[in-house]
Amino acid sequence: MSDILVKDLFSDQHYAEDQTITLHGWVKTIRSSKKIGFIELNDGSTIKNAQIVMKASDLDNYADIAKFPISSTIAVTGKVVYTPDAKQPLEIHADAVVLEGASDSDYPLQKKAHTYEYLRTIAHLRPRTNTFYAVFRIRSLAAFATHQYLQAHGFNYLNTPIITGSDAEGAGEMFRVTTLDMNNLPHTEDGKVDNSKDFFRKETNLTVSGQLEAEAFALALRKVYTFGPTFRAENSHTARHASEFWMIEPEMAFEDLDDDIVTIEELIKAVVSYVLDNAQDELAFLNDNVDDHLIERLEKTRDEKFARLTYTEAIKELEDADQDFEVPVYWGLDLEAEHERYLCEHIYNKPVFLTDYPKEIKAFYMRANDDGKTVAAVDLLVPEIGELVGGSQREERRDVLAEKIKDNHMSEEEYGWYQDLRKYGETVHSGFGIGFERLVMYVTGMKNIRDVIPYPRTPGNADF
RNA sequence: GUGUCUUUAGCUCAGUCGGUAGAGCGUCGGCCUGUUAAGCCGGUUGUCGUUGGUUCGAGCCCAACAAGACACGCCA
């Protein structure tokens with residue numbers, strides 16, 4: 001198809017005045033009177049619409065066109081006319097408008113604001129709205145920028161298993177994967193389900209993290225990252241949790257917590273910068289209609305160094321704050337959302353790294369600090385979202401790790417391979433995990449994770 | 001999982017003191033020579049979430065159930 005795209009019409013690539021072109025697209029709206037009418041045409045190549053001018057005198061099917069229902073697909077042939085004084089830089093004066101696919105008149109999207117809740121019920125049509133057009137184009141750009149930054153910095157893209165036989169660090173409820181007949185389950189002699197009869201001859205689940213598997217590859221390819229689907233069967237009802245989401249998990253050998261933090265900051269800035277450079281129209285729309293501080297916040301994220309403080313320093317800041325928290329602050333507390341928000345929205349008003357958390361509230365694989373109380377962990381807190389990134393330097397010392405696995409009552413057998421990584425040439429290494437949807441929320445200003453996933457899965461909802 | 005709130009036309013909502021329901025938008029028809037979520041005139045649109053109860057009478061009062069949203073928790 002040698003069509004001209006609306007995107008190209010509005011780009012630097014100039015078309016001659018009066019040049020005849022053909023566009024294919026969807027009717028966003030028609031405004032017509034007896035002798036002249038206007039179509040706003042969107043062809044999917046840009047969030048912007050092309051204005052088609054129709055004169056009854058030029059079109060023998062003018063009366064029919066004026067009645068095309070919204071969202072009908074049409075082909076327009078006409079001349080480019082520049083209109084520097086109008087709201088749009090140019091328009092197309094139609095010589096022919098052909099209906100390709102008429103929309104039914106019960107098309108559910110009107111020329112007005114709909115609630116996000118309603119739009120979720122028509123997830124197959126919501127990408128036709130400006131907001132979701134912008135969100136999903138930006139989601140694509142953010143994914144590309146992530147790959148681009150990591151590839152340019154020596155990371156190898158790694159696909160860790162989606163079906164897993166281990167319950168990873170015991171982090172949360174998992175979705176069971178089975179081919180057993182649920183109406184006729186095989187049982188062992190003591191009455192339990194006989195998993196040895198299942199497809200994999202054992203109990204299997206969908207992954208909750210590829211981190212441990214990624215560590216093994218970092219200790220061979222030096223720098224790796226996963227970027228794939230992740231599943232949590234938690235019964236969470238929040239704007240920030242989904243049952244199926246995408247996670248980016250870089251792992252780096254020979255890098256400590258400070259190196260880890262440098263990479264996190266650079267990666268976030270690279271993604272934000274790429275979106276600022278390549279989604280100006282989408283960001284402008286979102287800034288006008290969704291979050292009027294969006295662009296300002298993104299520019300600040302790109303240009304200013306992130307704040308960094310230790311957990312212990314953060315506790316002091318919170319204790320000194322002249323604000324009453326619902327949950328009182330003390331050293332050892334696993335910070336609540338209200339505390340995190342206060343730190344990054346009131347005190348710093350930008351992304352904040354918190355490091356060196358008490359070991360009791362962090363995972364077993366995080367490296368123990370010399371103080372005996374904290375671990376080399378880092379969380380990145382950002383305004384509006386909260387925790388965007390969680391990472392750590394990994395415990396590379398064979399004996400320390402073995403003790404932690406024992407203390408946590410974890411299966412020696414199941415984590416044998418993980419301990420082998422220390423047995424055969426241990427080294428300092430670090431990594432982190434980014435909830436991709438939370439990153440998309442941050443760069444679009446959207447407030448609900450369900451509105452940055454094409455077809456979101458949450459408890460009780462797996463439609464489409 | 002806990003708490004709060006919501007459910008009335010295709011969408012967004014109003015509905016007073018309990019007396020069988022309305023607006024805007026959409027849609028349909030008409031008018032209009034430059035519109036920008038176009039404008040003007042007219043028509044159309046309902047198992048008031050479900051079930052049961054109170055009442056002469058329930059959208060409204062009561063109970064149970066259901067669906068959804070938000071906040072918190074868990075986390076990314």
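Residue numbers start from 1 in every chain, and the chains themselves are labelled A, B, ... in the order their sequence lines are given, proteins ahead of strands. What you see is a predicted model; the values in this text were computed from it and never measured.
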Whether the side chain of [X] and the base of [N] hold a donor-acceptor pair under 3.5 Å is what I'd like checked.
X	N	value
A/E234	B/G73	no
A/S236	B/C74	yes
A/H241	B/C75	yes

- 5'-most contact on RNA chain B: A/I70 or A/E340, nearest heavy atom basis? A/I70
- Task: Take A/A239 and A/Q51, find for each the nucleotide of RNA chain B with the closest heavy atom, and name the residue whose nucleotide sits nearer the 5' end.
- Result: A/Q51
- Task: Please confirm whether A/F155 and A/H147 have ring centers closer than 6.0 angstrom.
- Result: no
- Query: Are the aromatic rings of A/Y342 and A/F325 close, with centres under 6.0 Å apart?
  - Reply: yes
Looking at every strand, decide which applies to [X] at a 4.0 Å heavy-atom threshold: base, sugar-phosphate, or nothing.
X	answer
A/T238	base
A/S32	base
A/L388	sugar-phosphate
A/E91	base
A/Q88	base
A/A56	nothing

- Message: In whole Å, I'd like the distance from the NZ atom of A/K362 to the P atom of B/C74.
- Response: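 A/K362 atom NZ is separated from B/C74 atom P by 11 Å.
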- Item | Conformer about C1'-N of B/U45 - syn within 90° of 0, anti elsewhere |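 Anti, since the glycosidic angle lies more than 90° from 0.
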- Message: Among B/C72, B/U36, B/G30, which nucleotide has an atom closest to any side-chain atom of A/R240?
- Response: B/C72
- Nearest of B/C13, B/C72, B/U27 to any side-chain atom of A/H237?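 Of B/C13, B/C72, B/U27, B/C72 is nearest to the side chain of A/H237.
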- Watson-Crick or G-U wobble mate for B/U51, both contacts under 3.5 Å: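 Its partner is B/A63.
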Phosphate oxygens OP1/OP2 of [N]: is one of them under 4.0 Å from a side-chain N or O of [X]?
X	N	answer
A/N235	B/G73	no
A/R450	B/C70	yes
A/K67	B/G30	yes

- Item | Nucleic acid contacts of residues 117-132 of chain A, taken as heavy-atom distances under 4.0 Å to RNA chain B | A/E117, A/Y118, A/R120
